[in-house]
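Note sheet for the following structure.
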Amino acid sequence: MRPTGKLHIGHLVGALENWVTLQSEYQNFHLIADYHALTTSLDTSDLYRNSIEMLIDWLAAGIDPKLSPVFRQSQIKEHTELHLIFSMLITTARLERNPTLKEQVRDLNIENVIYGHLGYPVLQSADILLYKGEAVPVGEDQVPHVEITREIARRFNLQYGNVFPEPEPKLTKYPRLPGLDGNIKMSKSAGNTILLSDSPDEIKQKLKKAVTDPQKIRKGDSGRPDVCLVFTYHQKFNTSEIHEIAADCRSGALGCVDCKLRAAGRIGDYLSPIREKRMELESHPQQVYDILLDGEKRGKIVAEETMAEVRKVMKLG
Ligand code: AMP
């Protein structure tokens, strides 16, 4: 994940919850992609603070740093080294066809794409393959990047010898959680997020402005849960009441204001343990720095081993 600030519930349900579950099944590695953050902002003044904020969110959501090393991309130089080698194994035409890049160019109104942004998935391939990643738990927008990673792994193995696995993406049931404004993706740049750190009252205020079925104008009108964003939130965060909510929305018995307040309450309850753990970690910053330094030491050992293998099969030195 890129350290662009505090995480939102899209990150949680699209990726982070999967990371937590997979910890017991796989050897996980979790990367703070601080170089990747430069693709959309060259300002590095908040990069370290944002990295720590994001790490606190990960730990609060259940990442166990003893099981899963956490580290910054910029602190393990092998990422840049492998990225350079990988950049020789893919054409610019292939990278220009990347649908995620096209989406970002459109959504962020980017007029001139920088070289690093075009090469985003190449650096990401290095991030994944340095640790010989077999499963990549990401949201839907990242699937094309995992496909590029597979192509690069195949190309490298064919050219130099079998070093890398071909990783598979691992999606959750909510690989693209919509934003409060009805946009198909919750994202910081669209300003349509509920943050993991939001208080119950902040969540309520945000939910009040959420977009609902445009055909349901007042309580009593029949609504269509399947086109309603707030119902999507109920499906994820309020599983025990969804049948009742769907029926009452359709019949008109449930108005949108009540429906939103109920969703806000459930999201608040769901996030409450994360928020508490978050506050505890915030009051122990040294513990968080130590976790990061330990993760960087452990990540570096694996990265060095892989790079030694790469250099060997490439007969470099
Ligand atoms: P990013 O902030 O773009 O680096 O995203 C970090 C991870 O969260 C990636 O795996 C994304 O696919 C995932 N993600 C971000 N926003 C959402 C969302 N609205 N729904 C589901 N997954 C998301």
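Whatever order the structure lists ligands and atoms in, that order sets their numbers, starting from 1.
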Legend entry - Phe164 ring center within less than 6.0 Å of Phe86 ring center: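 Ring centroids of Phe86 and Phe164 are less than 6.0 Å from each other.
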Inset, instruction - Answer yes or no: is there an ion pair linking Asp258 with Arg262, defined by an N-O contact shorter than 4.0 Å? - result: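 Salt bridge flag = no for Arg262 with Asp258.
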Inset, instruction - Hey, could you give me the CG/CG distance between Leu7 and Leu195, rounded to the nearest 0.5 Å? - result: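 Atom-to-atom, Leu7:CG and Leu195:CG are 8.5 Å apart.
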Inset, instruction - Could you pull out every protein residue that has a heavy atom closer than 4.0 Å to ligand 1, ordered by chain and then number? - result: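 Under the 4.0 Å cut-off, ligand 1 touches Met1, Arg2, His8, Gly10, His11, Gly14, Ala15, Val138, Gly139, Asp141, Gln142, Tyr174, Pro175, Arg176, Leu177, Lys185, Met186.
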Legend entry - Of Ile128, Leu82, Ile90, Ile85, the residue whose pairing with Ile152 passes side chain to side chain contact (heavy atoms under 4.5 Å, CB included):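 The passing option is Ile90.
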Inset, instruction - Scan for salt bridge (Lys or Arg N to Asp or Glu O under 4.0 Å) pairs involving residues 99-118, sequence neighbours excluded, and state none if there are none. - result: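 For residues 99-118: Glu103-Arg176.
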Legend entry - Donor + acceptor pair across side chains of Thr306, Glu309 (<3.5 Å):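 The answer is no; no qualifying pair exists.
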